[in-house]
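Written out below as C-alpha cells is the structure these notes cover.
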There are 2 protein chains.
Amino acid sequence: MDRFRPKLKRAGVTEQQWRVLRALSETDEMDAGELAQAICLRMPSLSRILADLNERRLVQKQLGADRRLRIVRATRQGRALVERLSPLSEQQYRRIESALGTKHYQRLMKDLDTLIARLSVDETEGSSTVQEHADPAARGQNPAL
Amino acid sequence: MDRFRPKLKRAGVTEQQWRVLRALSETDEMDAGELAQAICLRMPSLSRILADLNERRLVQKQLGADRRLRIVRATRQGRALVERLSPLSEQQYRRIESALGTKHYQRLMKDLDTLIARLSVDETEGSSTVQEHADPAARGQNPAL
DNA sequence: AAAGAAACGTTAACATGATAACGAATTCGT
DNA sequence: ACGAATTCGTTATCATGTTAACGTTTCTTT
C-alpha cells in the first residue's frame, strides 16, 4: 500500500474509500452491513466514509424496504474513478506476485483465504458470511487494493 | 486480535504497547529506530507509545553515545507484565495454528516472512534490515501478538 | 396490541496509522 | 574548520480502527 496509496491520494481518495468504491463498482447495490463485511470495514468507519463519498457524489445512499437498511450504490462518477485507477491497482498485485513467484503467491492467497474463513466461522459461531470464490482469478475475498 | 485485545485492555495496555513491550523484553536494549523496524511501527506512533510507557515506568528512555539516539529498555515492571500475558498470547497462536493445521500454519508463516523480506528489499533498495531468524520456533519477525 | 428484545446505523471518544514539517545532533565535502 | 546535507526523533494533522452508547426500526413475546 505504501506504493499505491500515493496514487490514490493524487486521485483524491483514501485507501478505505478506494476499497469501498471498488467493492461497490462490482455490484449493483448493497446495504451498508453487507458492504462492511465484504471489505472488512467496521460500521463506524464505513459510516464516515459513506457520508464523505456521498457528499462528493461518488456514492448514493437511500433507505431500503426495511427502513433500517441503508442501500448504497456507486454513482457514474464513482464507477468511472474505479475504472481509471484499476490498472494501477492490478500493477501492485503483479508486483507482489513477482516478488514471491506465481506458485507461492497463489498458495499464499489461498492459505490466507482459508485462515480468514476458518477464523470467521467460530468468531460468529456458525453464521459464516464468507462466500467461496470459485473464480481462480479471485485474489481473496478481501482485496487490499 | 479481536480475541486478545480485550485481555490486553484488562491488563492496561493497548495492542501496540504490547508489541513494544514484547519486543523489548526479548532484548536488553535498543534504540528507537531499531525497535520501530523490528515491529513495523512508524516512528510517530512509537514516539507517542514510548512517551506513555515511559511515564508509566514500563520502559525507560535514555540518550545514547550518539545523542540523536534514544535508547530504550523494558523496566522490571515492563518485563513482568510481558511474563504475565505471554501465556495468553501463545494461546492465540495455537488457535490460529489449529485453525489451519500445523503444516499449513508453518507454511503460511514462512510465506509471509518471505514476502515481507522481499518487499522490504526493494522498498529500501538494498539496505535490507530484516534479519533472518534461524530459530524454528520463531513465528515471523513481526509477531502480531 | 404493548413491552421488551434484536437488528442496523450513527455518533462519540480515544488510540493508532500516515504524511509532512521540524528541531537537534552528526557526518560530509571542501 | 565551516556550512550543507543526513540522520534520528518529535510534533502536527488528518483519516481510520476500536469500543461503547444511542436512536430507529423491526421482530418477539406475552
Side-chain angles (χ1 to χ4, degrees), chain A residues 1-21 29-56 58-59 61-72 123-124 127 129 142 144-145, chain B residues 1-21 29-56 58-59 61-72 123-124 127 129 142 144-145:
Chain A
M1 289 309 302
D2 281 348
R3 300 196 169 237
F4 189 49
R5 205 177 298 113
K7 299 177 180 179
L8 288 175
K9 183 170 187 180
R10 281 197 294 272
V13 291
T14 67
E15 180 176 337
Q16 313 309 325
Q17 289 173 351
W18 165 251
R19 300 211 304 145
V20 167
L21 288 175
E29 61 179 36
M30 266 190 288
D31 63 70
E34 287 173 336
L35 179 54
Q37 275 218 326
I39 63 179
C40 288
L41 255 189
R42 309 272 172 158
M43 284 306 305
S45 299
L46 185 55
S47 279
R48 287 178 298 213
I49 291 172
L50 287 180
D52 183 347
L53 293 179
N54 186 43
E55 287 183 13
R56 292 160 60 190
L58 294 175
V59 305
K61 288 200 296 185
Q62 61 185 69
L63 293 176
D66 181 333
R67 292 186 348 205
R68 289 173 301 188
L69 300 180
R70 268 63 174 178
I71 306 300
V72 196
E123 289 274 344
T124 60
S127 68
T129 314
N142 296 304
L145 37 113
Chain B
M1 288 309 302
D2 281 349
R3 301 198 168 237
F4 189 49
R5 204 178 299 112
K7 299 177 180 180
L8 288 176
K9 184 170 187 179
R10 282 196 294 272
V13 291
T14 67
E15 180 176 338
Q16 313 309 325
Q17 289 172 350
W18 165 252
R19 299 211 303 143
V20 167
L21 289 174
E29 61 179 37
M30 267 189 287
D31 63 70
E34 288 173 336
L35 179 55
Q37 276 218 326
I39 62 180
C40 286
L41 256 189
R42 310 272 171 157
M43 284 308 302
S45 300
L46 185 55
S47 279
R48 289 178 297 212
I49 291 172
L50 287 180
D52 184 345
L53 293 178
N54 186 41
E55 288 183 12
R56 292 161 58 190
L58 294 175
V59 306
K61 287 199 298 184
Q62 62 185 68
L63 292 177
D66 181 334
R67 290 186 347 205
R68 288 173 301 186
L69 300 180
R70 268 65 173 175
I71 306 300
V72 196
E123 288 273 345
T124 60
S127 68
T129 314
N142 295 303
L145 36 114

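The sequence lines fix the lettering, A, B, ..., with proteins before strands; numbering per chain opens at 1.
Rounded to a whole Å, the CZ atom of Arg67(B) is 23 Å from the P atom of dT6(D). Atom CG of Asp52(B) and atom C1' of dT10(D) are 16 Å apart (whole Å). The CZ-P distance, from Arg3(A) to dA18(C), rounds to 15 Å in whole Å. Atom CH2 in Trp18(A) sits about 15 Å away from atom P in dT16(D), given to the nearest Å. The distance between atom CE of Met43(A) and atom P of dA7(C), rounded to the nearest whole Å, is 15 Å. The interatomic distance linking Arg19(B) (CZ) with dT16(C) (P) rounds to 11 Å, in whole Å. Summarising the geometry, the separation between NZ on Lys9(B) and P on dG17(D) is reported as 18 Å, rounded to the nearest angstrom. Between the C1' atom of dA18(C) and the CZ atom of Phe4(A) lies a distance of 16 Å, rounded to the nearest Å.
The residue among Asp31(A) and Ala65(B) whose nearest nucleotide of DNA chain C lies closer to the 5′ end is Asp31(A).
Atom-to-atom distance recorded for Arg56(B):CZ and Gln17(B):CD is 5.0 Å, nearest 0.5 angstrom. The distance from the CD1 atom of Ile49(A) to the CD1 atom of Ile39(A) is 7.0 Å, given to the nearest 0.5 Å. Between the CZ atom of Arg68(A) and the CG atom of Asp66(A) there is a distance of 4.0 Å, given to the nearest 0.5 Å. In this structure, CD on Glu55(A) lies 9.5 Å from NZ on Lys61(A), to the nearest 0.5 angstrom.
Within the 4.0 Å cut-off from OP1 or OP2 of dT19(D), at least one side-chain nitrogen or oxygen of Arg5(B) is found. Arg42(B) has no side-chain polar atom (N or O) that falls below the 4.0 Å cut-off from OP1 or OP2 of dT16(C). Of the side-chain N and O atoms in Ser45(B), none sit less than 4.0 angstrom from OP1 or OP2 of dA15(C). The shortest distance between the side-chain N/O atoms of Gln16(B) and the OP1/OP2 oxygens of dG17(D) is not below 4.0 Å. Checking the phosphate oxygens (OP1, OP2) of dT10(C), a side-chain nitrogen or oxygen of Ser47(A) falls inside 4.0 Å. OP1 or OP2 of dT10(C) sits under 4.0 Å from a side-chain N or O of Lys61(A).
Taking only side-chain atoms of Asp66(A), from C-beta outward, the nucleotide of dT26(D), dA15(D), dG17(D) with the closest atom is dT26(D). Candidate nucleotides dT19(D), dT16(D), dG9(D) were compared by shortest atom distance to the side chain of Ala32(B), and dG9(D) ranks first. For Gln17(B), the side-chain atoms get nearest to dT16(C) when compared with the rest of dG9(D), dT16(C), dT26(C). Listed nucleotides dG17(C), dA18(C), dT19(D) differ in distance to Asp2(B); the shortest reach to its side chain belongs to dT19(D). Nearest nucleotide to the side chain of Arg70(B), out of dT10(D), dT10(C), dA18(C): dT10(D). For Ile49(B), whose side chain is taken as the heavy atoms from C-beta onward, the closest listed nucleotide among dT16(C), dG17(D), dA18(C) is dT16(C).
Put simply, the side chain of Arg68(A) and the base of dG23(D) share no donor and acceptor less than 3.5 Å apart.
Base engagement by Arg48(B) is indicated by at least one non-hydrogen atom pair under 4.0 Å involving a base atom. Note on Leu46(A): nothing from the nucleic acid sits closer than 4.0 angstrom, heavy atoms only.
Screening Val59(A), Val20(A), Asp31(A) for a side-chain contact (heavy atoms from CB on, under 4.5 Å) involving Val72(A) leaves a single residue, Val59(A).
Side-chain atoms of Arg70(A) and Leu35(A), non-hydrogen and from C-beta on, never get closer than 4.5 Å to each other.
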